[in-house]
Amino acid sequence: MLTTLQILSPLNDKQKEAVHYTEGPVLVLAGAGSGKTRCIVHRIAYLISCKKVNPQNILAVTFTNKAANEMKERLKNSFNISTYSLWIGTFHSMCARILRAESDSYSKIPFSSNFTIFDANDQNRIMKNVIKKMNISDTNFPPKKVLNIISLQKNNLVNYKNFSPNDSSYYSKIIGQIFENYQKYLLENNGLDFDDLLAYTVWVFEKFPEILKKYQEKFKYLLIDEYQDTNFAQYQMTYLLAKSHKNICVVGDDDQSIYGWRGADIRNILSFENDYKTTKIVRMTQNYRSPELVLSAANELIANNESRHKKELWTAKGKGKKIQLYEVPNGKYEAIFISKKIRELINSGKADYKEITIFYRTNAQSREFETQFLKDRINYQIVGGVNFYQRKEIKDILAYLRILANPSDNESLLRIINFPKRGIGKVAQSKLLDFASHKKIHLYSALQKIDKTSKFSNSALKKMKSFYSILKKFSVKSKSEPINKLVKEIVAELNLLDFYKNEELIKGETRADNIKEFIASTEDFAENFFEEFSTEPKLSEYLQNISLITDIDRTDKGDNVVSLMTMHNAKGLEFPYVFIVGAEDGLIPHTNSMDSVSEIEEERRLLYVAMTRTIKELTMSYANSRRFFNSYISNFPSRFLDEINDKHFEKFILTSEFNKQYSGDLYKSQKRKTDWKTAHNKFKVGQRISHSKFGQGMILSIRGNGDDAKLTISFNNGELKKIISSFVKSL
DNA sequence: CATCTGCTGGTTTTT
DNA sequence: CCAGCAGATG
C-alpha cells in the first residue's frame with residue numbers, strides 16, 4: 001500500500017485536485033496531452049489505497065479495451081494494486097457482463113446469458129435477409145443505410161415499438177417494419193448487436209429497479225473517460241448509476257469529440273454542470289506532450305470552432321521544429337516520399353520504427369503506404385482496418401464456437417452447415433429452414449429431429465445427421481475441455497489447415513497462417529486466464545471475452561514497427577514522429593461531412609486530435625491528385641491549413657521534381673471547377689424536395705458541391721434515386 | 001450440388 | 001481495384 005503522499009506527489013496542482021476530490025460529481029476538462037489517463041489511474045489508486053474503498057465498488061469506463069488494459073497494467077505495476085475485482089472496461093464490455101449476469105434470472109428479459117454478439121458483418125448478412133424476406137428492393141433500402149438508421153435509433157434509446165418518425169412517409173414506415181423484423185430475428189437467434197448491449201442495459205435498469213439498485217450500490221465510485229464521446233444511451237446509463245450517490249467523475253475534452261456520427265452528443269459534456277448541480281470543475285490546460293509550435297498551430301485551428309468551452313493549452317516544452325508541410329503530385333508519390341523520410345529517420349538513428357506513425361482520414365489510404373513499405377522494407381503494422389476476428393477463416397471457426405455456446409444461433413449454424421463442403425447445399429438448407437419454422441424450433445434441434453417422415457432425400461438426411469453428430473461431439477467436449485484444446489480439435493477434425501493449403505497459393509497460405517495465429521491466441525488467452533483465476537477457461541468464458549475485442553486492442557505486441565491508422569484510431573495515443581497525410585479538402589474535411597457547420601467542426605476536431613498526438617515532430621502532406629477507384633480526382637489543400645498561421649509551417653513543393661520522373665498517365669486528372677471557398681450546397685440531408693418526374697422525396701445523402709452535387713433521394717413512391725442537384729427543387 | 005465466371009458497387013470515421 | 005454474388009454450366 002502506498003501513502004497519500006506517494007500517490008499525489010508526481011501530479012501537478014490541477015491533477016491533484018481531480019484525484020483528491022472523491023465525493024460528489026467532478027468534471028475534469030482535460031485538454032490533449034494534459035495527463036488525463038494518469039489522472040484516472042492515480043484517482044483509482046487514491047480511492048483504494050488512501051480512502052480504503054473496496055475495489056469492487058469502483059467502475060471505470062474507457063473508450064477501448066486497450067486503454068482499459070493499460071490502466072490495469074499501470075495499477076498493478078506502479079501501485080501494486082490487484083485489479084481482480086475492479087471493473088475497468090468499455091461501455092460495451094461492461095454491458096455485456098451485466099446482461100450475461102442478469103438475463104437468466106428474469107424471464108421478461110428477451111434473451112439468455114449465452115447470447116451471441118453479432119458484429120457489423122453479421123448485421124449486414126442478417127439485414128440483407130430481412131429485406132429480402134420482406135420482398136422489398138435493397139436498392140431502395142440499402143442494408144447498410146438502414147442499419148445505420150436503426151443504430152442511431154438504438155443509441156437514442158428508441159426501439160421498434162416506440163419508433164415514430166416525425167414524417168409519415170412510406171420510407172419511414174417501411175424502416176419501422178424492417179426495424180421490427182430485424183430485432184425479432186436477432187432475439188430468435190438469442191443474439192444482440194453492439195447497440196443492443198447499451199440499449200438493453202438501460203432498459204433492464206429502468207424496467208427492474210432492483211437490478212439498478214444492486215449496481216448503484218455496487219458501483220459507489222464511477223469514472224468515465226472520454227465523456228465527450230458518449231451517446232444518449234451511455235449518458236442515461238451513467239446517470240442512472242450515479243443517481244443515488246452522485247460520486248461520478250467524468251473526464252473529457254469537448255475539442256476531441258469525434259464520434260458525433262455514431263450518436264455521440266457533445267452536449268453531454270457541455271452541460272454536465274447542469275445535470276449535477278454541485279459539480280466540481282477541474283480544468284487541466286498544461287500540455288506535457290507537444291512542442292510549442294505544434295501546440296499553438298493546433299490551438300489556432302480549434303479556435304475556429306463555435307461550439308466549445310473556450311480554452312488555450314500551453315506547454316513548458318521548447319518551441320520545437322516547425323510543422324513540415326509537403327505538397328505532392330499524387331497519392332502514390334506521397335507514399336514514396338514519406339517512405340524515404342522514414343528511412344532517413346531510421347538510418348540516421350533519430351528514431352525507431354515504433355516511434356513513427358501515419359494518420360489518414362480513410363482506411364483506403366493505407367494501401368499506397370503498404371505497397372511502398374513492402375518495397376522499401378519498412379516494418380509496419382496497420383492498426384484497425386479489417387479486424388482479425390472478422391476475417392472469413394477466423395469467423396468460420398468462431399461460428400462453430402458460437403453455435404456450441406448458443407444453440408439458437410441460426411445465423412452461425414447457416415454459416416458453417418456447408419463449410420467445409422459436406423454436400424448440404426441451398427436446396428437442403430431451405431428444406432431444413434422450412435422444417436424448423438414449421439415446428440417452431442431452431443435449426444440445431446431441427447437437425448436432431450429430422451427423420452424419414454420429413455421430406456428429405458436419404459442422402460441429405462444422412463449428411464445432416466452426420467453434421468449434427470459432429471456438432472454434438474464438439475458440444476460435449478466444449479463443456480469439459482479448455483478453449484485452446486477445443487479449438488485445436490475443431491481445426492484438426494475439420495482438416496482446415498490442409499483445406500486452405502489446397503486453396504490458391506498466397507491467399508490460402510495466409511489463411512492457414514491466420515488460423516495458426518488464432519490457435520496461438522487461444523493458448524495465450526488460456527494461459528492468462530489461468531494466471532488470473534487459477535482455473536482453465538471454457539468456451540463460454542472465452543466467447544464472452546473475445547466478442548468485443550477489436551484490432552486496436554490486439555496491437556500490444558510491442559513490435560518495433562511503424563503504425564498506420566485512421567485519425568479516429570489515433571485518439572488517446574502519442575508518438576514522437578507523426579505524419580498526417582491527405583490533408584486535402586475532400587478527405588479532411590471529408591466530402592461527405594462538409595455540408596453543415598457541425599460536420600465541419602467535427603472534422604476540424606478530428607484533425608486537431610491527430611495533430612496533438614505529436615511528441616517531437618509533425619509532418620503533413622497533401623496531394624494534387626489522388627486515385628479514386630479507377631479514375632483520378634484533384635483535391636485542394638485542406639481549408640483547415642488556411643486557418644493556421646504560416647509561421648508554423650516549413651513548406652515544400654515536390655511537384656516539379658516529380659513531373660520529370662512520372663509524366664503522362666497520372667496527370668490526366670482534371671482540376672475541380674469549383675473553389676471550396678465559394679462552393680456550397682443549397683440542399684441539406686433530410687430536406688424535402690420535389691422532382692418534375694419522380695415527385696416529392698427526402699434527401700438521404702449529398703455527394704459533391706453546388707449544381708453538380710449528386711443527391712440520393714428517397715421518393716414518396718418508395719423509389720431511391722441518385723439525382724444531380726440542378727434537377728431538383730426545394731419544397 | 002459444386003464450381004466457375006463475369007458483373008456490380010463500394011470508400012468516411014467504429015464500439 | 002477487389003470482393004461478393006447471381007446465374008450459368010458440369
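Chain identifiers are assigned alphabetically (A, B, ...) following the order of the sequence lines, protein sequences preceding nucleic acid strands; residue numbering begins at 1 within each chain.
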Whole-Å distance separating the CD1 atom of A:I117 from the P atom of B:dT15: 14 Å

Contact nearer the 5' end of DNA chain B, comparing A:E603 with A:D195: A:E603

Near-parallel close stack of A:F628 and B:dT11 base (under 5.5 Å, under 30°): no

d(CE, A:M237; C1', B:dT15) in whole Å: 12 Å

Show the distances under 3.5 angstrom between N or O atoms of the protein and N or O atoms of nucleotides 1-7 of chain B.
unit_1: B:dA2; atom_1: OP1; unit_2: A:N418; atom_2: ND2; d: 3.2
unit_1: B:dA2; atom_1: OP1; unit_2: A:G423; atom_2: N; d: 3.2
unit_1: B:dT3; atom_1: OP2; unit_2: A:K421; atom_2: NZ; d: 3.1

Phosphate-side-chain proximity, A:S593 and B:dT13, N/O vs OP1/OP2 below 4.0 Å: no

Exercise: do A:N514 and A:E393 side chains pair donor with acceptor under 3.5 Å: yes

N/O (side chain, A:K144) to phosphate O (OP1/OP2, B:dG9) under 4.0 Å: no

Rounded distance (Å) that lies between atom C1' of B:dT14 and atom CG of A:N124: 14 Å

Output field: ring centroids A:F205/A:W203 closer than 6.0 Å: no

C:dC5 phosphate, OP1 or OP2, under 4.0 Å from A:K128 side-chain N/O: yes

Nearest-Å distance for atom pair CG/C1', residues A:D119 and B:dT14: 12 Å

A:A364 side-chain proximity, nearest of B:dT12, C:dA6, B:dT11: B:dT11

OP1 or OP2 of B:dT13 under 4.0 Å from side-chain N/O of A:N569: no

Sugar-phosphate, base or nothing in reach of A:K571, heavy atoms under 4.0 Å: nothing

Side-chain donor-acceptor contact under 3.5 Å, A:T37 with A:E70: no

Rounded interatomic separation in angstrom, taking CG from A:N121 and C1' from C:dA3: 12 Å

Non-neighbouring partners of A:K132 that pass salt bridge (charged side-chain N to carboxylate O under 4.0 Å, His left out), sequence neighbours left out: none

Spacing between A:R391 atom CZ and C:dG4 atom C1', to the nearest angstrom: 18 Å

d(CZ, A:R125; C1', C:dG4) in whole Å: 12 Å

Short side-chain N/O contact to B:dT11 OP1/OP2 from A:N363, under 4.0 Å: no

Ring centroid separation A:F111 to A:Y200 under 6.0 Å: yes

pi-stack flag for A:H92 and B:dT15, centroid dist under 5.5 Å, interplanar under 30°: no

A:Q234 versus A:Q236, side-chain donor and acceptor atoms under 3.5 Å: no

Sugar-phosphate only, base, or nothing, as touched by A:Y259 at under 4.0 Å among non-hydrogen atoms: sugar-phosphate

Separation of B:dT14 C1' from A:L147 CG (nearest whole Å): 14 Å

Nearest-neighbour nucleotide for the A:R367 side chain, C:dC1, C:dC2, B:dT15 considered: C:dC2

Six-ring centre of A:F419, A:K392 cation under 6.0 angstrom, axis tolerance 45°: yes

Test of ring centre spacing under 6.0 Å for A:Y542 and A:F525: yes

